[in-house]
Amino acid sequence: MPQPAGSNAGAGSAGAPNAQTTSAAVSQSPTLRIGVAGLGRAFTLMLPSFVADARVRLVAACDPRQEACHRFVQDFAGRIHASVESLCNDPGVDAVYIATPHEWHAEHVCMAAAAGKHVLVEKPLALTLQDCQRMQQAVAQAGVQLVVGHSHSFNAPVLETRRIIERGEFGAVRLINAQYYTDFLYRPRRPEELDSARGGGVVFSQGAHQVDIVRLLAGGLARSVRALCGNWDATRPTEGAYAALVPFENGAFASLLYNGYGYFDGDEQAGWVSELGLDKDPAAWRSGRSRLQAGTLNQQSEAAAKAARNYGGKAYVAAGGLSGGNNTNGTDPVTRHHQHFGHIVVSCEAADLRPGPDGVTVYADGGRSLRPLPLSAVPRVEVLDEWLAAIAGTRAPLHDARWSLASMELCLALLASARSGTEQALQQQCAPQSLL
Ligand SMILES: NC(=O)c1ccc[n+]([C@@H]2O[C@H](COP(=O)([O-])OP(=O)(O)OC[C@H]3O[C@@H](n4cnc5c(N)ncnc54)[C@H](O)[C@@H]3O)[C@@H](O)[C@H]2O)c1
């Protein structure tokens, strides 16, 4: 694996001592020693962040895919565990990153909490409100910190937009329009990802991002949701699209739309910058379905095609420290933009704000201007910053279990609204932590 300057990968390597890490478990170690549950796609995307950040070190992992474990031993001289429970109970692990499929999040978070380990868990928090509440209680009782990430509400331009709103620069938020067109449904998938009952479809996987962003920008307290879902390809029998209207307690309202059926590419609206912040070639556009068919031709199944692209797989290409790691074509593109989640416009009383791949564009009476935001040397650094500050006790996390439970309540209500044809009231909403 390429090693960026200051990288902490490799056998026995250790990053610089970190004065921020002061919790009981962490103070015994100069770096946060992370155990990884699930070495798949999400891990592949977070890996450049872990490798480039000297405050953390990957020391152990658990995954049924032998090729991923083999690679983890090669890259990090890490310990491999046969079960997530054993990983959580490893005394050399300070904290656990849970990147297993949705349906395992609740069980694995509770295991980590029971072992007294801090948790970074991928979105969505869980698939039911009861599981979200169980996880919230487990981490509270254990006195450990849980952050749900990565989610695109961590993107620097989204956070900066929230700060502009919090400072009241352009008055109150009145309307938010968020939309994203992608090929989500036609990327190689595990069977569960196409089965709504097991967390499949765009609402759990992509709505979790969009709902989190919109709640953050609108102040968090959604009142209700009225939604419709699309499920129109019998070969991919799950929600591939949705449209939702959400009023908030403060009078703002939002329109959310996601279409994962793979024709129009929403990255065009972001200046042909991909979700991961990479430049895209418009001439290379192909429909999602034709891309999937070409990509799985040599595989026995789609799940195998997905695993092959993941860490340790045959088609996996290790990312450079800054590239975000989604390249599969043998090249190693460098990220030149922030990550984004499609087209978002926040209408305040005195301006429209558009978080985009290069910063926040403000459209106001004084003119149109881009407030550029510099790229961090560590990709997705906001996730590690928030988690490490929570562990150190220096800043309460925004994306904690309480916040993420409220986002899941909205996602679940969105699905219920589409099924029932009725508006669904929300009971579990909360305001975000201040970012100022
Ligand atoms: N934030 C992001 O950008 C992002 C991107 C992709 C996925 N995700 C999230 O990450 C989670 C995983 O999705 P994915 O796309 O990486 O799936 P994936 O199939 O690519 O990876 C899952 C990995 O977990 C392993 N695994 C499965 N069951 C396990 C178990 N019981 N114990 C240990 N390992 C197990 C699998 O072998 C696989 O390697 C999902 O919740 C998804 O929403 C987040």
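Counting starts at 1 for both ligands and their atoms, in listed order.
- Residue-ligand proximity: His152 is placed with every non-hydrogen atom at 4.0 Å or more from ligand 1.
- Sorted by first and then second residue, the ring-ring contact (aromatic ring centres under 6.0 Å, His included) pairs involving residues 77-98 (not counting sequence neighbours) are Phe50-Tyr97.
- Contacts with ligand 1 closer than 4.0 Å are made by side-chain heavy atoms of Asn310 only, the backbone lying farther away.
- For the 3.5 Å distance criterion, the side chains of His102 and Ser205 qualify, holding a donor opposite an acceptor.
- Heavy atoms of Lys123 found under 4.0 angstrom from ligand 1 belong to the backbone as well as the side chain.
- For the pair Arg380 and ligand 1, a heavy-atom separation below 4.0 Å is found.
- Assignment of Cys62 to the shell around ligand 1 is supported, since a heavy atom sits closer than 4.0 Å.
- In this structure, His105 is part of the shell of residues with a heavy atom less than 4.0 angstrom from ligand 1.
- Within the structure, the closest approach of Pro64 to ligand 1 falls below 4.0 Å when heavy atoms are considered.
- The proximity of Glu122 to ligand 1, defined as any non-hydrogen pair under 4.0 Å, is limited to the side chain.
- Proximity of Pro124 to ligand 1 is established by a heavy-atom distance of less than 4.0 Å.
- For an aromatic pair to be called close, the ring centres must be under 6.0 Å apart, and His399 with Phe154 satisfies this.
- Heavy atoms from both the backbone and the side chain of Ala42 come within less than 4.0 Å of ligand 1.
- Proximity of Leu45 to ligand 1, defined as any heavy-atom pair under 4.0 Å, is confined to the side chain (atoms from C-beta onward).
- Evaluation of the side-chain contact (heavy atoms from CB on, under 4.5 Å) rule for Arg189 yields Phe184, Arg187, Glu193, Leu194, Arg236, Glu302, Lys306 as partners, not counting sequence neighbours.
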